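For reference, the structure discussed in these notes is given below.
Lettering of chains follows the sequences in order, A, B, ..., and the numbering in each one begins at 1. Predicted model, so just to flag it, every value in this text is computed and none were measured.
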Amino acid sequence: MPRQVSIFLENQPGHLEKVTGVLRQHRINIRAMTLSSSSYGWGILNLLLDHPDQGHQVLTAAGYSAVLRRIVAVRMPDRPGGLHDLLEHLAKAGINIKNAYATLMPKPGSAILVIDAENIDQVEKLIDEAGIKKLSCEEIYQL
Amino acid sequence: MPIYWQQELETMPRSGLATFQLERLRETLRRAAGSPFYGAVLARRGISPEDIRSLSDLDKLPMTTKEDLREHFPYGLLSAPLDTVIRLHCSSGTTGNPTVIFHNRHDLDSWANLVARSLFAAGARPGDVFQNICGYGLFTGGLGFQYGAERLGALTIPAGAGNSRRQIQLMTNFGTTVIHAIPSYLARLHETFRELKVDISRDTRLRILVIGAEPHTEGQRRRIQDLYGVKAFNSYGLSEMNGPGVAFECECQNGLHLWEDAYIAEIVDPETLQPVPEGVVGELVMTTLDRQAMPIIRYRTRDLTRFVPGDCPCGRSHRRIDRITGRTDDMFIIKGCNVFPMQVEKILMGFPEIGNDYLIVLETVKGVDEMLIKVEISPHFFTGEMEPLENLRRRIQEEIRDEVLVTPEVRLVEPGALPKSEGKAVRVQDLRHRQGE
């Protein structure tokens, strides 16, 4: 099942750069990312990587608090209303999204939505039941 | 079987002890007046030793600080001719002039006796084999315990610090029954016991541990007792008051008897310098009563402790102090509240979600003094979610506010971002003055 790497990060100049430096050094590619900040001087960086296990390992070795978190990625059409149509389905299925981010597919015309939620098993089940196609690990990591 | 080294002195009724102290205090002042420093202090205040009619007159005398010792380095407090002095101990002096303490033959004799008395109170006896695992040289723990244990009549092994395999070899070769070491080393030494598969209860004759020279909690003591399967007794001393043998736990292990025939102890509020009520924590202030070459009067030890109320079942009349809970050097004032880093540390150590290291930063933000506490989150606790971290931050903030009455800003930082707790870690960074300039 697909996973992202989440990292605890202080909200300080240069801290994000150090993380990307570690990834560059190990030739790990970032497919997508989000950074969310608390109002207390720190935040969480979510990284969708081409090699999540290795990324987790090298960041942990570099001293970061990093974890692998399961995600669900679904495809949507890259046009006005594309995300809306998808969310309509998800809302109908009763899925509450706490954290999500989107990225384009290399193939023109489609995009993906990455969903990071606490009750990920439940989310997967609801998405399957709604007949929405999930992306496999290979599809995501080799975006 | 006697349980006292010097029964008459150790069990002397309080009233008799007070008379004894007063006599010795006058004698001490007469000697001190012979030193350049105290000669000038007493002259300036117009006080002669005869003006001290009761122990409560002690507050007519000014307190002595470490800075006084440094400023009048090396001979300013020497009260005896230099050619009668036979030993000195001094601090490393990494932050200025060292502090040096001189002893004549009587002083060394008196000190050795106090250490022997202390060890006896903890249960050591002539015939014991005493292994002294600590640095010799200028540090007082080495020679202080060496001479004291010899005075007791123990076979005394000057093992020195470190080299765990050799320590264990000495213990098994010579049947060591009593060990003196710092608590953190005993924890490390036990690892070596395990590696070498030496069983302490089967392969050694160990029966008593003496621990000191390093602040530690009751929990740490219990852990060491569990590891070694014998009792560990707390020792307190400081070089300005000779070294070890100032205060020591008896077999009751409930506070350290401070030898009041040799020292006057006061516990004062570090701000007002007025005595605190019995049982309340304050700064320990001490006067030597039996040191000839270099008496020191009302010395501010900077150590925080309290008198343990009530009598000790062991029958000794000398009051007990509690284990040292911190140093006044560390205290800071913010928004009118006195705060000790130990208070903050105690709260933080109750949170398994954070690491051992922390940093308190005092800063002026828009003209207002603020306390910022940085803590490292433990990698095991991080789940990638925001909420648990926000909750943790709020809980730490609330608990510290309840303890010190100032609301801190709590900042979670990345692992490894703070100075390590090994050695002299910086726990408080006061940036207020720098910012005000």
Can you name the closest pair of heavy atoms from [X] and [Y] and give their distance?
X	Y	result
A/E10	B/A417	OE2-CB, 3.7 Å
A/F8	B/L389	CD1-CD1, 3.7 Å
B/E390	A/W42	N-CH2, 4.0 Å
B/T383	A/R69	O-NH1, 2.9 Å

Residue of the set B/Q397, B/R394, B/R393, B/E409 for which side-chain hydrogen bond (donor to acceptor under 3.5 Å, both in side chains) holds with A/Y40:
B/R393
Which region of B/E387, side chain (C-beta onward) or backbone (N, CA, C, O), has a non-hydrogen atom less than 4.5 Å from a non-hydrogen atom of chain A, or is it both or neither?
side chain
Drop me the distance from B/F381's CZ to A/S65's OG, to the nearest 0.5 angstrom.
10.5 Å
Approximate separation, where rounding is to 0.5 Å, of B/E414 CD and A/K18 NZ:
7.5 Å
Let me know if [X] has heavy atoms under 4.5 Å from chain B in its side chain, its backbone, both or neither.
X	value
A/Q4	neither
A/L9	both
A/S36	both

Within 6.0 angstrom of [X] [atom1], more than 12 heavy atoms from elsewhere:
X	atom1	value
B/M349	CE	yes
A/R70	CZ	yes
B/K335	NZ	yes
A/E129	CD	yes
B/R165	CZ	no
A/H51	NE2	no
A/K133	NZ	yes

